[in-house]
Amino acid sequence: MDEKKICNLADRMWIRGKMILGNVRERVQDYINDDAGMGTVEIILIIVVLVGLVIIFKNQITDIVNDLFDSITSKANTVTR
């Protein structure tokens, strides 16, 4: 490939990249400005409920995570041997 073709290809790739980035930027801006989505109050309520569930079920969640890591560790030890 000669230098002119390489420059032409690079220019087309640059333009295509700018178009894609522009589309992504517009979509993010549209999403941020969209009033039909969830509001701050809804998000805060969801977070409060999730934190409450974690507090209530803390021991059960800890046991499940510990069992999972113990299982992963034992299976990893069998693979390395």
Side-chain angles (χ1 to χ4, degrees):
M1 214 185 268
D2 65 349
E3 188 176 328
K4 186 175 181 179
K5 287 183 181 180
I6 292 173
C7 288
N8 189 9
L9 178 63
D11 287 342
R12 286 187 293 164
M13 289 174 60
W14 176 257
I15 292 169
R16 178 81 173 142
K18 286 181 75 171
M19 287 174 46
I20 291 171
L21 184 60
N23 289 341
V24 170
R25 199 175 285 150
E26 287 175 15
R27 288 183 185 178
V28 168
Q29 197 64 265
D30 289 344
Y31 181 75
I32 290 171
N33 295 331
D34 186 14
D35 292 336
M38 287 192 291
T40 305
V41 174
E42 289 90 354
I43 293 173
I44 290 173
L45 287 174
I46 291 171
I47 292 171
V48 167
V49 169
L50 289 174
V51 169
L53 289 172
V54 168
I55 290 171
I56 292 170
F57 296 106
K58 179 183 176 189
N59 293 332
Q60 290 87 344
I61 293 171
T62 303
D63 291 342
I64 290 171
V65 171
N66 286 335
D67 290 344
L68 180 65
F69 280 121
D70 289 343
S71 174
I72 291 171
T73 303
S74 66
K75 289 182 181 180
N77 287 336
T78 60
V79 171
T80 57
R81 289 183 183 167

To the nearest 0.5 Å, what is the distance between [atom1] ([X]) and [atom2] ([Y])?
X	Y	atom1	atom2	answer
S74	D70	OG	CG	7.5 Å
F57	I64	CZ	CD1	10.0 Å
T73	N66	OG1	CG	10.0 Å

For I61 and V54, which heavy atoms make the closest approach, and how far apart are they?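 Minimum heavy-atom separation between I61 and V54: CD1-CA, 4.1 Å.
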Considering residues at least two apart in sequence or located in another chain, which fulfil the side chain to side chain contact (heavy atoms under 4.5 Å, CB included) criterion with V51?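 Result, side chain to side chain contact (heavy atoms under 4.5 Å, CB included) vs V51: I47, I55.
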I46 and side chain to side chain contact (heavy atoms under 4.5 Å, CB included): which partner among L50, I44, V48, I43?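 Exactly one candidate clears the test, L50.
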Side-chain donor/acceptor of T62 to backbone N/O of K58, under 3.5 Å: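 Judged by distance alone, yes, a pair lies under 3.5 Å.
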